[in-house]
Amino acid sequence: MQVEQSLWTESSGWQPSPLGNLGDKAQLVLLFGSPAVLKLGSYRPDLKQAYPKADVLGCSTAGEICGVQVTDESLVATAIHFEQTQVRGHAIRLEAGESSLAAGDRLGRLIEPEGLAHVLLLSDGLHVNGSDLVRGILPHLPAGVTVTGGLSGDGDRFQETCVIWNGAPEQDIIAALGLYSDRLQVGYGSQGGWSPFGPERVITKSSGNVLYELDGQPALELYKKYLGDHAEGLPATGLLFPLSLQTQRGDRRVVRTILSVDEATQSLTFAGDVPNGVTAQLMHSSVDRLIDGAIDAAETSHQGMNNATPELAILISCVGRKLLMRQRIEEEVEGVRDVLGTETVLAGFYSYGEIAPFARGATCELHNQTMTITTFAET
Amino acid sequence: MTLEPHRLLQRQIQRYLGDSTTLPDDWQKFLAAVSDAYYQADGDRARIERTLELSSQELLQANTQMQSLLETVENQVAERTAELTLANAELATTLQELRETQGQLIQTEKMSSLGQLVAGVAHEINNPINFIHGNLNYASEYAQALLRLIQLYRKHYPNPVPAIQAEIMAIDLDFLVEDFTKLLKSMHIGSDRIKQIVLSLRNFSRIDEAEMKIVDLHDGIDSTLLILQHRLKSSSGSSGIEVIKQYGTLPMVECYAGQLNQVFMNLLANAIDAVESRFLSDKLDISALSTKGVKSQPALEAKIQGALRRAQPLTAIQNQTAPTIWICTESLSCDRILIRIADNGFGIPESLKQRLFDPFFTTKPIGKGTGLGLSISYQIVTKRHNGNLQCNSAPGLGTEFWVTIPTRQASQTAD
């Protein structure tokens with residue numbers, strides 16, 4: 001596997017310039033960028049010229065990861081030449097009125113299962129229920145093959161996200177990339193670093209991923225109380241207090257983060273299901289704990305590699321973490337690098353939701369507020 | 001929005017760099033980043049403090065609510081327990097009443113059946129015995145006439161023909177004449193006795209008396225004694241039970257006579273059981289003791305000595321070496337009478353006295369007693385006659401029951 005990375009900013013253009021050396025050999029370019037920069041579209045001829053035979057998979061973000069650097073208002077292109085792996089991707093548009101489960105099912109049917117080693121999934125970040133999307137896709141995958149990926153972002157604006165599959169960036173797109181190989185080692189890990197605090201509350205009124213009431217009280221009111229002055233920054237500042245949900249089986253917790261608020265109904269829309277009757281607890285964290293979470297995720301992912309050194313790591317981390325860590329955000333990427341080593345190319349983005357099993361052998365789920373890492377190596 | 005540099009940073013710049021406005025742009029950006037980090041640290045601390053404060057408030061509130069809920073639950077449990085205890089007590093009372101009612105029904109039914117049987121037997125015997133008793137006088141007269149005629153024949157025909165002489169010899173005419181008169185007299189006594197028994201049976205059963213009647217209670221006691229006579233008199237291998245009667249002058253008493261007879265029957269039967277249990281099972285040598293049976297005693301002394309006498313029965317009979325039952329009646333006042341029935345059996349242990357009047361309580365072997373006698377008697381005396389039934393027992397010496405009842409009843413129903 002050969003990997004090369006380029007960063008585009010308005011002030012500096014592509015660095016390095018011209019773009020890389022893989023040329024025709026690159027089969028895949030992962031492209032993560034801010035919605036505004038993606039809309040400019042000037043990157044397209046550059047990529048086409050540099051990697052004429054590569055498929056381009058990407059999305060809008062709330063921050064781009066290039067090595068240990070985290071940037072905003074930029075583009076990061078990661079070109080990959082697989083020596084033992086083929087890539088075949090599919091994208092669908094979420095139809096009006098179509099459920100995320102149905103969309104997942106529709107996309108899952110397009111994925112050729114023969115020889116499939118892994119699926120990378122990028123989805124619209126505002127109109128898709130990530131939990132349902134994953135539930136729709138999973139039944140179509142062969143045993144032992146899973147999905148990792150994330151929901152696209154829009155900075156801290158939560159207004160417009162887009163996904164790219166070999167064309168212009170578009171809203172309501174869900175793209176899945178199949179990696180076909182018997183020589184590809186894939187590891188994954190997903191950890192948060194958030195801790196529940198305060199009283200446990202029961203979700204007394206909700207619908208899908210919309211939360212109306214906790215313990216019979218309006219959920220938005222509770223968030224505003226805790227946010228204080230930061231309430232003006234909702235929905236973004238709601239990310240400072242993710243919600244921990246006890247799964248229905250009660251064996252473990254999942255984390256949900258806010259996508260939007262509705263003052264009229266005093267409701268909050270989350271990036272995944274918030275089922276009625278489930279016990280919920282507010283969470284908080286600190287910079288150090290989030291860094292520890294990222295390190296844990298990297299270790300988990302590394303352990304899944306059967307001692308192979310990762311050549312590429314795709315880091316999908318939640319926008320909520322970036323909001324909390326702000327200037328120190330790169331420290332979590334550095335923590336990952338410290339675990340994986342300097343040989344591993346780090347690419348990724350800050351998302352509105354992460355998709356992965358939290359560890360090997362577990363069921364793939366939508367996560368929020370986590371650092372979710374997928375590591376690859378060809379043997 | 002561009003914020004003022006953080007206050008701390010402003011002071012630090014002032015102290016170490018002087019006027020910051022003269023610094024190059026790169027330094028200005030650097031200082032802005034530092035200022036932003038200061039603000040962020042402040043914000044983080046404030047958020048954590050706020051989070052801590054709010055969550056501890058919420059937890060405290062939840063704790064208070066929990067405690068309040070706990071208290072409410074505890075109160076509810078206490079109330080429920082009290083309700084259950086009350087309901088339980090009511091159930092126990094109801095059960096007791098049911099058992100009493102059941103006992104009364106059983107005994108009433110039993111006594112009613114017994115009364116009907118006794119009344120039926122008395123009625124059936126009454127006619128033939130009247131027939132026998134009435135004709136006995138004629139039979140006696142005819143016999144006397146025939147005997148006189150035989151005497152006359154023998155006077156005027158001293159030497160009858162040999163055949164007659166032979167027959168006179170064969171039938172032993174002289175003995176026949178003498179014994180025939182005795183025999184008739186004996187038959188007369190026997191039929192009198194049967195008539196008396198029939199009368200007593202009818203008196204005892206009082207089957208036709210559902211209404212209050214004014215009666216002489218001595219008649220009831222005597223009738224009961226007569227019915228129990230077979231248990232009082234001596235039999236082979238054992239002496240009889242001596243009954244000492246000390247009847248005072250009682251006014252006529254308004255009562256349910258049949259029911260009071262039932263009380264006397266129960267008390268006397270228990271007394272007989274008690275003395276039998278002590279004397280007859282002990283196989284005492286009682287051959288030398290009295291077999292007098294029922295013995296009447298003179299009337300009681302003056303009422304002024306009543307209190308003294310009340311202590312008398314037990315002390316009077318405790319030293320008796322023969323099985324003895326003592327019956328004493330007296331008028332306590334113009335409207336209340338007392339009947340005492342005492343025995344010199346084993347007495348009742350203190351531990352059993354409490355339960356003596358409980359329905360179905362018995363110390364007798366299975367099949368011997370129903371445990372209803374005293375319970376029914378208690379109901380009859382206290383509830384039907386507004387009287388009182390008490391037990392006074394000295395273990396090892398004997399037992400005495402006191403029945404006091406008013407001579408007149410306030411409006412009572414025969415329910």
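Sparse packing is recorded around NZ of Lys39(A), with 12 or fewer heavy atoms of other residues, nucleotides or ligands lying under 6.0 Å away. Other residues, nucleotides and ligands contribute over 12 non-hydrogen atoms within 6.0 Å of the CZ atom of Phe197(A). Dense packing is recorded around CZ of Arg157(A), with more than 12 heavy atoms of other residues, nucleotides or ligands lying under 6.0 Å away.
The stretch residues 212-221 of chain A places none of its residues near chain B, where near means some heavy atom under 4.5 Å from a heavy atom of that chain. Chain A is approached within less than 4.5 Å, heavy atom to heavy atom, by Arg47(B), Arg50(B), Thr51(B), Leu54(B), Ser55(B), Glu58(B), Leu59(B) from residues 45-74 of chain B, ordered by number. Contacts with chain B (heavy atom to heavy atom, under 4.5 Å) involve these residues of residues 228-238 of chain A, listed by number: Gly228(A). Inspection of non-hydrogen atoms places Ala33(B), Asp36(B) of residues 23-36 of chain B under 4.5 Å from chain A.
With a 4.5 angstrom heavy-atom cutoff, Tyr226(A) touches chain B via backbone and side-chain atoms both.
Most heavy-atom pairs under 4.5 Å with chain B, from the set Arg328(A), Arg201(A), His284(A): that is Arg201(A).
One N or O on the side chain of Gln40(B) and one on the backbone of Leu324(A) form a donor-acceptor pair closer than 3.5 Å.
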